[in-house]
Every structure is written in structure tokens, then in C-alpha cells.
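Read the structure below first, then the notes.
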Protein chains: 4
Amino acid sequence: MSLRERKTAKKKEDILRMSVSVLSEKGYDGTTMEEIASKLLMTKGSVYYYFKDKQDLLYQSHVMLLERSIENVEGVRHQELPVKAKLRRAMIVHIEYILVERSGFEMMIKPEQYFSSPQIETIFQLRDDYGICFDQLILEGIEADVFGSVDIKIVRNIILGAMNWVTQWYSDDGKKDKTEIAEDIADYLLHILIKT
Amino acid sequence: MSLRERKTAKKKEDILRMSVSVLSEKGYDGTTMEEIASKLLMTKGSVYYYFKDKQDLLYQSHVMLLERSIENVEGVRHQELPVKAKLRRAMIVHIEYILVERSGFEMMIKPEQYFSSPQIETIFQLRDDYGICFDQLILEGIEADVFGSVDIKIVRNIILGAMNWVTQWYSDDGKKDKTEIAEDIADYLLHILIKT
Amino acid sequence: MSLRERKTAKKKEDILRMSVSVLSEKGYDGTTMEEIASKLLMTKGSVYYYFKDKQDLLYQSHVMLLERSIENVEGVRHQELPVKAKLRRAMIVHIEYILVERSGFEMMIKPEQYFSSPQIETIFQLRDDYGICFDQLILEGIEADVFGSVDIKIVRNIILGAMNWVTQWYSDDGKKDKTEIAEDIADYLLHILIKT
Amino acid sequence: MSLRERKTAKKKEDILRMSVSVLSEKGYDGTTMEEIASKLLMTKGSVYYYFKDKQDLLYQSHVMLLERSIENVEGVRHQELPVKAKLRRAMIVHIEYILVERSGFEMMIKPEQYFSSPQIETIFQLRDDYGICFDQLILEGIEADVFGSVDIKIVRNIILGAMNWVTQWYSDDGKKDKTEIAEDIADYLLHILIKT
DNA sequence: TATGAATGAGTTTTCATTCAT
DNA sequence: GATGAATGAAAACTCATTCAT
């Protein structure tokens with residue numbers, strides 16, 4: 001990759017990162033291109049140099065977010081850890097990521113509303129991949145007879161829902177910090193799986 | 001209340017109900033007043049006769065939804081049932097309601113994005129009231145020594161998150177119907193609370 | 001005129017009076033039918049029973065105002081007074097009327113903007129009649145050799161302009177009351193006419 | 001100021017000028033943004049690029065008009081002329097300006113109707129400044145013992161009223177042209193001031 | 001007569017998008 | 001590559017007016 005290409009890629013990423021943050025604060029329609037641009041000290045026109053249209057920007061932001069999340073969890077999945085600890089870790093990482101970015105997962109809410117055919121498939125695919133990461137961690141536990149034989153799909157979604165909801169209620173000024181909250185949630189959720 | 005007044009109230013409710021449904025399908029910005037109106041075989045102007053503006057319509061829809069949810073759960077809370085069964089029932093009722101309204105619950109996600117000061121407080125109050133219903137059910141269980149002594153706030157939010165997330169993944173054409181899914185989720189979530 | 005007719009006429013006048021006052025405070029476009037109606041504790045519909053449309057209401061308000069003004073000045077014109085005192089009196093009456101109604105003459109400003117052919121002629125006719133009242137007072141003075149031989153049309157308009165402008169600057173909380181101001185203005189204006 | 005900036009400023013002024021003219025012909029509410037734009041061979045959108053909203057456009061038009069008027073009179077005030085001639089000149093200039101712009105002075109009538117707090121103060125300030133120009137010319141005359149010792153505030157307002165009213169009755173097809181009318185009015189008004 | 005409802009035409013306003021420079 | 005300008009389509013909202021009861 002030439003210097004030029006690298007510069008462009010970097011700029012694109014900057015835009016995406018900012019776009020994720022603005023988008024998740026104000027929502028897709030609440031955010032204007034003007035706004036994203038001006039937060040980056042650019043003009044609208046420039047943003048259009050890097051992205052085809054607003055759709056495209058939202059889409060790529062979305063994909064970036066999902067890919068990062070997957071990387072996070074995949075990272076954990078390949079660690080050498082007992083299965084229970086591994087799932088626990090994955091949950092903690094996910095929650096922390098959400099709380100740090102404080103963002104983005106709201107915009108995951110209704111992808112059908114904003115994307116259509118070629119894009120929506122990718123999104124769903126990534127979402128699914130993400131779910132599957134957890135499925136596999138659960139499956140591993142069941143096979144190791146550490147977890148009870150639950151309905152994986154349902155339990156996975158309970159876990160995802162409980163975790164993603166955290167942005168709705170967690171506040172920095174409570175007595176627990178992000179990590180403590182993440183640990184607590186993870187521990188409670190494990191109760192669903194642990195064999196007794 | 002006179003006949004006329006009752007008719008007006010009825011109309012308002014019709015509009016609210018439709019508005020909830022369109023709004024939750026297309027989102028706040030994706031929904032036009034035109035659309036809501038035409039689905040009710042009215043004209044925009046008529047809708048504006050009943051509601052000050054789009055904001056107002058959205059706000060009242062939202063409030064209606066929350067109030068109904070509270071009624072639902074309160075209804076369960078006053079039933080004569082063993083505490084565990086009661087919480088289970090409350091969860092099932094909540095999930096079924098969400099799935100039936102398939103519904104404005106997405107717009108519950110970021111109220112700050114759409115409402116401001118005088119309204120947002122009411123919304124948060126109602127949300128809180130709703131949460132407290134569950135808190136009390138949990139507390140009852142703890143006091144009856146049926147549930148372990150969990151951190152109520154965290155567990156309540158895990159439960160709410162897991163339940164609300166259901167709109168994201170449940171599909172009518174799976175092999176389980178709404179009630180079965182609701183029961184399954186409730187049962188799994190009870191594992192978090194049940195003393196072993 | 002039957003009782004019924006008299007009642008109707010009375011109601012019409014009430015509406016006109018209120019309409020003049022609202023109209024002159026908020027302007028033609030700034031005033032809604034709703035507003036006029038509600039100030040009279042009526043509904044829009046009722047107002048439409050008495051007046052064909054908003055146009056008509058404005059027009060008749062306008063005419064009422066002009067006719068009253070003419071009556072005022074005509075009243076003075078037929079008094080037995082020396083010509084100078086008579087003109088002075090007419091001016092005072094006019095200014096007081098304007099200040100008491102605190103109204104209406106602003107809406108005289110651009111009749112062409114609001115009225116068209118059949119109506120505009122009447123308005124102009126009345127306006128003219130009003131001007132002519134003053135013209136005749138001036139003429140009387142010239143013929144009596146009390147006033148210099150001025151260009152009547154110009155002087156009349158100077159006088160009208162100076163008088164009508166008073167709503168723009170007179171404030172009740174100054175040290176002079178309405179009558180004093182009216183007298184002062186009248187006296188100064190007479191300087192234009194008085195032979196030296 | 002760069003070329004670009006100058007171009008922008010020019011465009012803004014063009015819009016203002018056109019807006020003044022349309023506004024004064026049709027009144028605030030009678031004028032649509034569409035109309036202003038199309039007279040400038042622009043689209044509505046473009047006008048909004050330069051002005052925040054209709055309010056803003058009207059406001060700035062108004063201010064421009066007032067500022068120009070002040071400049072006009074100030075220009076005269078600093079000429080080397082005998083005081084009586086100077087006031088006469090100022091009046092003529094004012095009347096001519098009004099008749100040429102045939103314009104926006106109607107909207108001077110009820111600024112409270114269209115503007116509110118931050119704007120209205122500026123408007124009133126400018127109006128006042130304008131009045132003060134005349135006050136000073138009058139004062140000069142009194143001090144030079146050319147004018148009698150009149151109540152300046154009242155006389156100033158008589159003069160302004162008489163002059164501003166001219167748009168109501170002057171018609172190009174009469175036998176006198178704008179300048180002649182202006183001179184006549186000025187001369188008559190001087191009678192109020194001149195010592196005898 | 002009076003009125004609550006409904007209507008629709010008209011206006012303001014916003015914003016993603018394009019494009020010449 | 002970047003940007004200021006311009007555009008136009010879409011949406012919210014207003015209000016005079018009508019009409020059945």
C-alpha cells in the first residue's frame with residue numbers, strides 16, 4: 001500500500017470512527033452530514049470524497065463496529081482458559097467495549113430500516129457470526145459438561161440482550177465501575193448455564 | 001363524559017395505536033405524518049387536529065405503551081401466586097406484550113434523542129416505575145428466601161434487557177410460538193435468581 | 001327591524017369591533033379566525049355564520065373604522081366654531097380616536113394588498129371622503145382668509161400622516177396624556193396653515 | 001476580504017435588496033420565499049444557504065433599510081449649509097428615498113408584530129437613532145435662533161409621520177414629480193419650526 | 001344558529017447530494 | 001483532494017373554509 005493509499009485509509013477510518021460516535025448519539029436521521037464533517041473539521045464535500053453517500057457511511061460504520069466486536073470475542077475464544085472462564089471473559093470484554101464506545105449498539109437495533117438487500121445480508125451475516133461466537137462458547141461448555149444442555153439459540157440471545165441493554169441503565173457515577181458491572185453481569189448470566 | 005367526548009377520546013386512541021405501530025416499524029424519522037394519517041384513512045390535517053405536532057404524537061404513543069406495560073405487570077403482581085410463579089408470569093406477560101405490539105419498544109431505546117425536558121422526565125419516571133415493579137417481585141422472592149440475595153438493580157436490568165431484546169431475534173416462523181418462547185426465556189432467567 | 005334582526009346586527013358589530021382590535025394588533029395575516037372567535041367566546045364556525053370569509057370580515061372592519069372616523073370629523077365640521085378652532089377640534093378628535101382604539105389605522109396601510117376590485121373602490125372612496133372632510137375645513141379657512149393659500153391636497157396629507165403616525169410613538173406613560181398630545185400636535189400643524 | 005467573500009457578500013446584498021422590494025410590495029406574510037428566490041433566478045434552497053430563515057431575511061432587510069436611511073440623513077447633517085436649508089435637505093432626501101424604494105417602510109409600521117426580543121431592540125435602536133438625527137437638526141436650529149423653541153420630540157414625530165405617509169398617497173402620474181413633492185412637503189413642514 | 005371535525009392547498013424548512021473551480 | 005454554492009425533493013405544519021349534526 002502506497003503512502004497515499006495509507007493516508008486515505010487512515011482518513012476513512014477517522015471518519016468512520018467519528019461517524020459511529022455521532023450516529024450512535026443522535027441516531028441515523030438525527031445526524032446530518034454537515035455535523036459529522038464539522039466534527040472532523042472537514043466540509044461535507046470532503047466526506048463525500050471518501051464515502052458514496054450517507055447510507056454507505058452508516059453501513060461501513062456499522063460493519064466496523066461489528067467486526068471489532070467479533071475480533072474482541074474471537075480473541076477471547078482462542079485463549080487457553082477453562083470454558084466457563086472463557087465465556088465469562090468474552091462477556092466482560094463485550095460489555096466493556098459497549099460501555100467504552102458508549103455507542104453503536106443502539107444503531108444496530110433496526111438494520112432493516114436503513115439497509116437493503118446487498119448490505120443487509122452482510123450485516124445479518126456479521127451479526128450472526130457474532131452470535132455464533134457465543135454459541136460456540138456455550139456449546140463447548142455443554143460438551144465439556146460444565147453447562148447444562150440448554151437451548152443454545154435462546155440462551156445466547158438472552159445473554160446478548162442482557163449485555164446490550166447495559167447502555168440503557170449504566171451510569172458512570174454509580175458506585176461500581178465499568179469492569180465491576182461487567183463482571184457482575186457475566187456472573188449472573190452464568191447461572192443460566194452452570195450445571196447444579 | 002359526553003358521547004362526543006367519548007368519540008374524540010376513541011379517535012385519539014385510534015391514532016395513537018396506529019402511530020405506535022407505524023412508528024415502531026419505521027422509526028421516528030422514517031415515519032411521516034402523511035403515512036400515519038393515510039393508514040387511518042384520514043388526512044394529515046385531521047391528525048393535527050388531535051395532536052399538536054409529531055413530537056406530541058410520538059410522546060403520547062410512548063407514554064401509552066409504557067402505561068400499558070405497567071398495568072400488565074401490576075396486574076400480575078397482585079395475583080395470588082407463589083412468588084416464583086408470579087415473577088415468571090410477569091416476565092411472560094411482558095414478552096408476549098412486546099412481541100404482539102412488535103412495537104414501539106425500539107423507540108424506548110434512546111428517548112433522550114427524541115424528547116426533551118418536560119417530557120423526558122415523565123418517560124424516565126414511567127420507565128423507572130416499570131423497573132420497580134420487577135424490583136418488588138424480586139425483593140418479595142428474596143424475602144421469602146426463594147431467591148438468592150442478588151443485587152436487585154443489576155438483575156432487574158439483566159432481565160429487562162434479555163426480554164426486550166427478543167424483538168431483535170424472534171421470528172414467527174420458527175418452531176416455537178410466542179408463548180413458548182416467552183416461557184423458555186422466563187425459565188432461563190429464573191435460574192439467575194433461584195436458590196440452589 | 002325585528003328583534004332577531006337586531007340581535008344579529010348586534011352580534012355582527014361585536015365581532016367587527018373585536019376583529020378590528022385583534023386585526024390591528026397582529027395584522028391581517030397574523031390573526032387567525034380561531035383567535036378572533038375565541039376572544040369572543042365563539043367558535044370559528046359561528047363567525048362564518050355572520051361573515052362570508054376572512055376577507056369580508058377585514059373589509060367590513062375596515063369600513064366600520066373609516067365610517068366612524070368620518071362621523072367623528074363630520075360631527076365637528078357642523079359645529080358652530082370659528083374655522084381655525086374647528087380644524088383644530090377635528091384634528092384632536094381624530095388623534096384621540098386613533099389613540100383610544102389604538103388600532104386599525106395600521107391596517108389601512110396597504111389596502112391594495114388585501115382587497116380587490118369591488119371592495120377596494122369603496123375603501124378608497126371612504127378614505128377620500130375622509131380626506132375631503134379635512135380639505136373642506138382647510139378650504140373654509142382659506143376662503144375666510146384665515147389660512148394661507150396652500151396646496152390643499154399636500155397639506156391635507158401632511159396633516160393625516162402626522163396624525164396617523166402618532167400610534168407609532170405615543171406612549172401612555174409619558175408625561176402628557178392623550179388629549180394634551182392631541183392638542184399639541186394640532187397646534188403645531190396649524191402653523192402650516194395660519195397666515196402670518 | 002477575499003474575492004469569494006466579496007462575492008458572497010454581494011449575493012447576500014442582492015437577496016436583501018430584492019427581499020426589501022418584494023416584501024414592501026406584498027407584505028411579510030404575502031411574500032413567499034419561493035417568490036423572492038425566483039425573482040432572483042435562484043431556488044428556495046439557495047436563499048436558505050444565505051439566510052437562516054424568513055425571519056432572518058426580513059430582519060436583515062429591515063436593518064439595511066434603516067441603516068441606509070440613517071446614512072442618507074447623516075450625510076446631509078454634515079454638509080456645510082445654513083441650518084434651515086440643512087433640515088430642508090434632510091427631509092427631501094428622506095422623502096425621495098422612501099418614494100424610490102417605495103418600500104419596506106410599510107413594514108416599519110409594526111415591528112413588534114414580526115420581530116422579537118433580540119431583534120426588536122436593534123430595530124428600535126436604529127429607529128431611535130434615525131429620529132435623533134432629526135432631533136439634532138431641529139436643536140441646531142433652535143440654538144441658532146432660527147427655529148422657535150418647540151417640543152422637539154413632538155415636532156420630530158410630526159415631521160416623520162408626514163414624510164412617511166407620502167407612500168400612501170403619492171402617485172407618479174400626478175403633475176408633480178418626486179422631487180417637487182418632496183420640496184413642497186419640506187417647505188410646509190418648515191412652517192412649524194420657523195420663527196415669525 | 002352553533003359547533004366539532006375534517007380537509008387540502010399552500011408555505012416554510014431541512015438536507016443529502018452534486019459540481020464547478 | 002477540497003470546498004463553497006446550489007439544488008430539489010420531501011416533510012412538517014398552518015389555517016381558511018366547509019359541512020353534517
Side-chain angles (χ1 to χ4, degrees), chain A residues 4 7-8 11 28-38 40-58, chain B residues 2-5 7-8 11-12 28-37 40-57, chain C residues 4 7-8 11 28-38 40-58, chain D residues 2-5 7-8 11-12 28-37 40-57:
Chain A
R4 169 143 302 167
K7 254 177 115 180
T8 298
K11 198 119 201 181
Y28 182 70
D29 300 279
T31 306
T32 66
M33 292 299 273
E34 187 67 50
E35 208 170 340
I36 294 173
S38 87
L40 286 154
L41 306 177
M42 294 174 156
T43 58
K44 264 186 296 188
S46 306
V47 177
Y48 275 90
Y49 180 77
Y50 295 98
F51 296 90
K52 203 178 126 289
D53 55 25
K54 198 184 173 186
Q55 266 282 334
D56 186 35
L57 187 54
L58 172 64
Chain B
S2 73
L3 176 65
R4 174 143 289 171
E5 274 165 338
K7 251 176 125 178
T8 299
K11 197 115 206 180
K12 263 189 132 166
Y28 182 72
D29 301 278
T31 305
T32 67
M33 292 300 273
E34 186 69 51
E35 199 174 350
I36 294 175
L40 286 155
L41 305 177
M42 293 175 154
T43 58
K44 255 183 310 183
S46 306
V47 177
Y48 276 96
Y49 181 77
Y50 294 96
F51 296 90
K52 207 178 121 292
D53 54 24
K54 198 182 170 185
Q55 264 285 331
D56 187 34
L57 184 54
Chain C
R4 169 143 301 169
K7 253 178 119 178
T8 298
K11 199 119 204 179
Y28 182 71
D29 300 279
T31 305
T32 66
M33 292 300 273
E34 186 68 50
E35 207 170 341
I36 294 173
S38 86
L40 285 154
L41 305 176
M42 293 174 156
T43 57
K44 264 187 297 189
S46 307
V47 177
Y48 274 91
Y49 181 78
Y50 294 98
F51 295 91
K52 202 178 125 290
D53 55 25
K54 198 183 173 186
Q55 266 281 334
D56 186 36
L57 186 54
L58 172 65
Chain D
S2 73
L3 176 65
R4 175 144 287 174
E5 274 166 337
K7 254 176 123 178
T8 299
K11 197 115 204 181
K12 264 189 131 166
Y28 183 72
D29 301 277
T31 305
T32 67
M33 292 300 272
E34 185 69 51
E35 200 174 349
I36 294 174
L40 286 156
L41 305 177
M42 292 175 154
T43 58
K44 260 182 303 184
S46 307
V47 178
Y48 276 94
Y49 181 78
Y50 293 96
F51 296 90
K52 207 179 119 291
D53 54 23
K54 198 181 171 185
Q55 264 284 331
D56 187 36
L57 184 54

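Quick caveat: nothing in here was measured; it's all calculated off a predicted structure. So you know, we letter chains A, B, ... as the sequences are listed, proteins then strands, and number each from 1.
As a whole-Å value, the separation of D/D53 CG from F/dA12 C1' is 15 Å. As rounded to whole Å, 19 Å separates atom P of F/dT14 from atom OH of C/Y28. Separating the NZ atom of B/K12 from the P atom of E/dA6 is a distance of 13 Å, rounded to the nearest angstrom. When rounded to the nearest whole Å, the span between CG of D/D29 and P of F/dC13 equals 19 Å. With rounding to whole Å, B/L57 atom CG is found 10 Å from F/dC13 atom P. One atom, CZ of B/F51, and another, P of E/dA6, lie 12 Å apart when rounded to the nearest Å. Atoms NZ (D/K52) and P (E/dT14) sit 8 Å apart, rounded to a whole Å. Distance CD (B/E35) to C1' (F/dA12): 14 Å, rounded to an integer number of Å.
Side-chain proximity of C/M33 to the nucleotides F/dA16, F/dA12, E/dA16 is greatest for F/dA16.
Nearer the 5' end of DNA chain F, as judged by each residue's closest nucleotide, is the contact made by D/R4, out of B/G45 and D/R4. Comparing B/G30 and D/L41 along DNA chain F, the residue whose closest nucleotide (by nearest heavy atom) sits nearer the 5' end is D/L41. Positionally, the nearest nucleotide of DNA chain E for B/K7 lies more toward the 5' end than for the other of A/Q55 and B/K7. Heavy-atom distances to DNA chain E give each of A/E34 and B/T8 a nearest nucleotide, and the one nearer the 5′ end belongs to B/T8.
Judged by distance alone, with hydrogens and angles left aside, D/K54 brings no side-chain donor or acceptor close enough to the base of E/dT13 to form a pair under 3.5 Å. Residue side chain A/K44 does not reach the base of F/dT3 through any donor-acceptor N/O pair under 3.5 Å, judged by distance alone.
Across every non-hydrogen atom of B/Y48 and B/D53, the tightest pair is CE2-CA, 3.9 Å. Scanning all heavy atoms of the two residues, the minimum distance from D/G30 to D/E35 falls at O-OE1, 4.1 Å. Taking all atoms of both residues into account, the shortest heavy-atom contact from B/A37 to B/T43 is CB-C, 3.6 Å.
At least one donor-acceptor pair under 3.5 Å links the side chain of D/K54 to the backbone N or O of D/Y28. Not one N or O on the side chain of C/K44 forms a donor-acceptor pair closer than 3.5 Å with the backbone of C/T32.
Proximity of A/S46 to the phosphate of F/dA2: no side-chain N or O atom is located under 4.0 Å from OP1 or OP2. Regarding contacts with the backbone of E/dA6, a side-chain N or O of B/K11 is found under 4.0 angstrom from either OP1 or OP2. Within the 4.0 Å cut-off from OP1 or OP2 of E/dA2, at least one side-chain nitrogen or oxygen of C/Y50 is found. Phosphate proximity of E/dT13 to D/Y48: present, with a side-chain N or O under 4.0 Å from OP1 or OP2. Proximity of B/Y49 to the phosphate of E/dA5: a side-chain N or O atom is located under 4.0 Å from OP1 or OP2.
A 3.5 Å limit on both hydrogen-bonding distances identifies F/dT3 as the Watson-Crick or G-U partner of E/dA20.
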- prompt: Can C/L57 and C/Y50 be said to form a side chain to side chain contact (heavy atoms under 4.5 Å, CB included), step by step?
  reply: CA-CA 9 Å; C/L57 186 54; C/Y50 294 98; over 6 Å; no
